[in-house]
Trainee: 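Could you have a look at this structure, given as structure tokens, before my questions?
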Protein chains: 2
Amino acid sequence: MSSLLKIRAERDQMSAIERRIADFMLENAHLLRDYSSQQLADALQISQSSVVKFSQKLGFKGYPDLKYSIGEAVARGSDVPVKTAAKSARATVRESLAETLWQSKSRAEEETRLINDAGTLSEIATLLSRAGRVFCIGFGDDGLAAQAFAQRLALLGTLALHHADAVPMTATISSAERGDVLVVFSEQGQHAALNQLCRQFRERQGKIVSVTRHTSNPLRAHADATLLVSAHDERSHVQPLLYQSALQHLLDQIFVLMCDGDRLEQLNTNLEHVQHLLDPKL
Amino acid sequence: MSSLLKIRAERDQMSAIERRIADFMLENAHLLRDYSSQQLADALQISQSSVVKFSQKLGFKGYPDLKYSIGEAVARGSDVPVKTAAKSARATVRESLAETLWQSKSRAEEETRLINDAGTLSEIATLLSRAGRVFCIGFGDDGLAAQAFAQRLALLGTLALHHADAVPMTATISSAERGDVLVVFSEQGQHAALNQLCRQFRERQGKIVSVTRHTSNPLRAHADATLLVSAHDERSHVQPLLYQSALQHLLDQIFVLMCDGDRLEQLNTNLEHVQHLLDPKL
DNA sequence: AGCGGTGGTCAATAATTTATTCTTGCTTCA
DNA sequence: TGAAGCAAGAATAAATTATTGACCACCGCT
């Protein structure tokens, strides 16, 4: 996996100084060859140990190891595109819109893949498979994702409930018991009401899965398992699209993982019923 | 020039020990990452200084520099192909789920791109931009897509209404007038109630946009403009995911096309408000 | 507001790695 | 034979990197 992508993916979750290091590396990846950890530290006016800790935090043995890895990434050409360099001709933009937008989505997907290890995904899939009931909650766009996910689960024969409002959810949750799972969708993970809800749910012995952006946020801390999304674009109207796409892909993976033997049959039966409902002729 | 090539070229005029170093590096280029000059020397039963001198003789600043360069060469692929049999089968399957699923989505996206020309997309974007009110309707998964789209439009300052039920929609539509647009989401396009609705809407001089799978279906026939989705997978539980993804991408394109000047400002204002709502602290 | 606790930073320093120096031994050629 | 030239290694200097411990800021909680 490209170390540059990894840096990009983790960037959100970094402290100010770490982010400066990350940015420097992303921008000057090809110059890094001539930088020792000390020189890099001097260039950024920070301490050398910060550079080393940065490297280790990303999972490398140390600074030289990270440097080596970046060297590989650059050589491989999987360099992070400097910017989506605002193309001059509007016509060009239009023609390739589908393609460039999809590329952005692909990048977001890859970043997201890097920060959720496969083990966690299957753990969550197992957790949901064995759950008594699954509660999904989220507001705004997150609410729609929650609802869609709940519908998917329902097709698999899992009892899944969804709310886009904290008040009825509070009531519903008061009946939760051991074995139930709460899936909380919150891009920023800052919503006080949701944290409250989690505490309440935890008291009733339920398991909590959080789905948030890859920043440090209170919601993650409360959760038994976390799903993380990374999606970036300087254009404020595009970023939400990328977030939604990466999030959806994550959920889709969970869904696929849950589709085994019995549940798959259940799904097929349900799909057939739905088909009939929509078009009695068939 | 690739450092590996250089080593091979110089090999013939090297001393015995240098040649052993050269051979070791050529054979184990991909393992060199984990060797310090001392370890390499130990492995070859030679002195560490010989390794350093070897590096310098070849024109590198020192051993790390040579190592870095070899890393690049390997990454660039100018090396003997590495065997990738390391991972266990199960782990590989798991890890690649994300990737293969995404590839499937990419395929669906591409198919979909091919059957909707850019012109149609911008026409629809224009239509929606100029619309008085936009009505979105769909059932099941389509309903969620409709809702999400309506929410997006609302953020752009367009008056957008959404229903997942034909009955209230009928009522709402009865107030439709020229300049309004109805966006009908229906994967199969077979739903009688929706056709009914379209007829009613057309009588009131509204424009109709259909969003369906790329089959011949009655809904397409009723529409002024059509969006088509292509998504195929033999696994019944995967196909809906692909459909959803491709559909979403189409809608995202429309959305991006609609984001210009005024509306973009409106969007940013709205996003800010939403941000405040979710996290008053910011 | 106050209070542990956590996490991040830096200066100092330890540890490791790399580079140089200096010595030795070998070969070559006058 | 002996001086020059060169390769290699041991010892050591230099550099780079990694760790430690102290300090501070911030966060969530009471």
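Just so it is clear, the values below take in all heavy atoms, side chains as well, and ignore hydrogens, waters and symmetry mates. A note on names: the letters A, B, ... follow the listed sequences, proteins ahead of strands, and every chain is numbered from 1.
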Trainee: Please determine whether a side-chain nitrogen of the Lys or Arg among A:K57 and A:E10 lies less than 4.0 Å from a carboxylate oxygen of the Asp or Glu.
Mentor: no

Trainee: Give the rounded distance in Å between these two atoms: CZ of B:F60 and C1' of C:dT18.
Mentor: 16 Å

Trainee: So which nucleotide from D:dT17, D:dG9, C:dC10 ends up closest to the side chain of B:I46?
Mentor: D:dG9

Trainee: Just by modelled atom types, is the A:L159 backbone N or O under 3.5 Å from a matching donor or acceptor in the A:R133 side chain?
Mentor: no

Trainee: Hey, does the side-chain of A:K53 have a donor or acceptor N/O within less than 3.5 Å of a partner on the base of C:dG7?
Mentor: no

Trainee: Could you state the CZ-C1' distance from B:F54 to C:dT18, rounded to the nearest angstrom?
Mentor: 16 Å

Trainee: Quickly work out the A:I21 CD1 to C:dG8 C1' distance and round it to whole Å.
Mentor: 11 Å

Trainee: How many angstroms lie between CD in B:Q39 and CG in B:L32, if you round to the nearest 0.5 Å?
Mentor: 10.5 Å

Trainee: Between the two ends of the helix from C:dA1-D:dT30 to C:dA30-D:dT1, what is the bend in degrees, rounded to 10 degrees, where each end axis spans five pairs?
Mentor: 10°

Trainee: Mark yes or no for a side-chain to base donor-acceptor pair under 3.5 Å between A:S49 and D:dA18, with no hydrogen or angle criteria applied.
Mentor: no

Trainee: Would A:R152 count as a cation-pi partner of A:F255, with NZ or CZ less than 6.0 Å from the six-membered ring centre and within 45° of the ring normal?
Mentor: yes

Trainee: Does C:dT20 have OP1 or OP2 under 4.0 Å away from a side-chain N or O of B:Q56?
Mentor: yes

Trainee: Can you check whether B:Q45 has a side-chain N or O nearer than 4.0 Å to OP1 or OP2 of D:dG9?
Mentor: no

Trainee: Can you tell me the distance, in whole Å, between the OH atom of A:Y35 and the P atom of D:dT16?
Mentor: 14 Å

Trainee: Is there a donor in the side chain of A:E111 and an acceptor in the side chain of A:H214, or the other way round, less than 3.5 Å apart?
Mentor: no

Trainee: May I ask you to say what B:K67 touches in the nucleic acid, namely base, sugar-phosphate or nothing, with a heavy-atom cut-off under 4.0 Å?
Mentor: nothing

Trainee: Figure out the CG/C1' separation between A:D42 and D:dT17, and round it to whole Å.
Mentor: 14 Å

Trainee: Examine B:F24 together with B:F54 and report whether their ring centres are nearer than 6.0 Å.
Mentor: no

Trainee: Please list, for nucleotides 15-17 of chain C, all pairs of protein and nucleotide N/O atoms separated by less than 3.5 Å.
Mentor:
none

Trainee: To the nearest 0.5 Å, how far apart are OG1 in B:T100 and CD in A:Q253?
Mentor: 8.5 Å

Trainee: Between atom NZ in A:K57 and atom P in D:dT19, what is the gap in whole Å?
Mentor: 15 Å

Trainee: Could you check A:D65 against A:R199 and say which one's nearest nucleotide on DNA chain D is further toward the 5' end?
Mentor: A:D65

Trainee: Scan side-chain atoms only and decide if B:E99 and B:S96 contain a donor-acceptor pair under the 3.5 Å cut-off.
Mentor: no

Trainee: In whole Å, I'd like the distance from the CG atom of A:L40 to the P atom of D:dT16.
Mentor: 13 Å

Trainee: Taking NZ, NE, NH1 and NH2 as the nitrogens, is one of them in A:R113 or A:E109 under 4.0 Å from a carboxylate oxygen of the other?
Mentor: yes

Trainee: Across the strands shown, which category fits A:S50 at heavy-atom distances under 4.0 angstrom: base, sugar-phosphate, nothing?
Mentor: sugar-phosphate

Trainee: Given atom NZ of B:K61 and atom C1' of D:dT16, what is their separation to the nearest angstrom?
Mentor: 12 Å

Trainee: The test is side-chain hydrogen bond (donor to acceptor under 3.5 Å, both in side chains); show your working for A:H249 and A:T112 and say whether it passes.
Mentor: CA-CA 9 Å; A:H249 191 61; A:T112 301; over 6 Å; no

